[in-house]
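Residue numbers begin at 1 in each chain, while the letters A, B, ... track the order of the sequences.
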2 protein chains.
Amino acid sequence: MGKIEEAIQQKEFKDQFNKAVVNLIYTHSYLVTAQSVLFKPHDLSPEQYNVLRILKGQNGVPTTVSSIQDRMLNKMSNASRLVEKLKMKGLVERNECPADRRQVDILITEKGLELLKTIQKQVEESNVEYINLTNDEAIQLNDLLDKLRG
Amino acid sequence: MGKIEEAIQQKEFKDQFNKAVVNLIYTHSYLVTAQSVLFKPHDLSPEQYNVLRILKGQNGVPTTVSSIQDRMLNKMSNASRLVEKLKMKGLVERNECPADRRQVDILITEKGLELLKTIQKQVEESNVEYINLTNDEAIQLNDLLDKLRG
DNA sequence: TTACATTATTTGTATAGACATATATATGTC
DNA sequence: GACATATATATGTCTATACAAATAATGTAA
């Protein structure tokens, strides 16, 4: 069941590059599906989790919406609406920036930090479990993905 | 700009496995964004394209909705609704299956085949362009992804 | 300082993902 | 044949993606 050809019942691909794209999309779905099980009981979506992770990395320094957007895994997602969802749950604060009133300072709350801590531990353990590679192979994969994007 | 650490401004990861998950999600977004530019002028979504590709692989033999679902890259997507969208555009036919009236036979139309032919060529060329790897590296990547999923 | 362009954020809209539930048909057992 | 159970598909709902467009504040150049 390992090979992508069997997994999606496609006999052959144009070339190794086109096979790699399909393989990557399929593997992405495999990982995201596994992760989503962890988020569900906490009523948090994967992208909301990602935003919390970015905010925690700030160590208490407020960030703007556009800065969050730049650092998101999915560049096309909508940070403004994700922050709004997190605010309604009391996981982040949103304050008008005095220096530039167009901007909004976003800060993770104590409640947000605690929730993140709980989930992050589970996600980190789950990721190790779902990736059937040795440490060296994981390093290789990271190098290939970095190179792939140019 | 290659390394994932710089791309999303995160200094370090728990381990190589957790780094690989983030790297994969980020690379997926990079590839899907590049592809979507090609689909847009044809008013087709990436998953609609994927369904057409599966139907073409049938070489004229009708398939059921659940068979399409099994072979989709994203197992959680909704094949029923995707087929409905394609039917409204005249790209597929949907016929009640005489042998089992619960099932629906799906068939790609001539119009669907022609559209697919045009787009597939562009997608295949684009994929080669966006993957900055040698052929050997692409093979390595495919092997690692197949092994990753166990 | 008026006019115009730029930037930060929000909002609108269509499509899809993720999942639960409904409905129709088929199958197996008594 | 009546019943429960399984299967195929459709539908409902919430969230997110992928854009375009609106709004408000700021910067810049005449």
| query | CG of A/Leu82 versus C1' of C/dT10: gap in Å, rounded? | reply | 13 Å

| said: Please determine whether a side-chain nitrogen or oxygen atom of B/Ser66 lies at a distance below 4.0 Å from atom OP1 or OP2 of D/dT9. | reply: yes

| note | To the nearest angstrom, the CG-P distance between A/Asp70 and C/dT7 comes to 13 Å

| Joint hydrophobic cluster, B/Leu82 plus A/Ile8, side-chain heavy atoms closer than 4.5 Å | no

| remark: Comparing B/Ser29 with B/Arg94, nearest DNA chain D nucleotide closer to 5' gives the residue B/Arg94

| query | Can you name the nearest heavy-atom pair linking B/Ala79 to B/Gln69, along with the distance? | reply | N-OE1, 3.4 Å

| query | Given that B/Glu96 and A/Ser67 both sit by DNA chain C, which one's nearest nucleotide is further toward the 5' end? | reply | A/Ser67

| message | What does the B/S/- profile of nucleotides 19-29 of chain D look like, 5' to 3', with a 4.0 Å heavy-atom cutoff to protein? | response | BS----BS---

| remark: Rounded to whole Å, the CD-P distance (B/Gln103 to C/dA26) equals 10 Å

| request: Return the value, rounded to whole Å, for the distance between atom CE of A/Met72 and atom P of D/dT17. | output: 6 Å

| C/dT29 pairs with which nucleotide, Watson-Crick or G-U wobble, both distances below 3.5 Å? | D/dA2

| task | State, without any angle test, whether B/Asn142 and A/Gln16 hold a side-chain donor-acceptor pair at a distance under 3.5 Å. | result | yes

| note | Winner on side-chain proximity to B/Gln48, out of C/dT10, C/dT15, D/dA18, is C/dT15

| task | Could you state the atom-to-atom distance from NZ of B/Lys85 to C1' of C/dG17 in whole Å? | result | 12 Å

| task | Begin from the C-alpha positions of B/Lys19 and B/Glu5 and carry the test salt bridge (charged side-chain N to carboxylate O under 4.0 Å, His left out) through to its verdict. | result | CA-CA 9 Å; B/Lys19 182 173 165 182; B/Glu5 285 92 339; 2.9 Å; yes

| Atom CD1 of A/Ile68 and atom P of C/dT9: how far apart are they, to the nearest Å? | 9 Å

Pairs of donor and acceptor atoms involving the side chains of residues 129-136 of chain A, under 3.5 Å and at least two apart or interchain, shall be tabulated with distances.
unit_1, atom_1, unit_2, atom_2, d
A/Thr134, OG1, A/Glu137, N, 3.1
A/Thr134, OG1, A/Glu137, OE1, 3.4

| task | Mind calculating the distance between CD1 (B/Ile106) and C1' (D/dA10) to the nearest angstrom? | result | 12 Å

| request: Using distance alone, with no hydrogens and no angle criterion, decide if B/Asp143 and B/Gln140 have a side-chain donor and acceptor under 3.5 Å apart. | output: no

Under 3.5 Å, which donor-acceptor pairs link side chains of residues 88-99 of chain B to any protein atom two or more places apart or in another chain?
unit_1, atom_1, unit_2, atom_2, d
B/Lys89, NZ, B/Asp43, O, 2.8
B/Lys89, NZ, B/Gln48, OE1, 2.6
B/Glu93, OE1, B/Asn95, ND2, 3.4
B/Arg94, NH1, B/Glu84, OE1, 2.9
B/Arg94, NH2, B/Glu84, OE1, 2.8

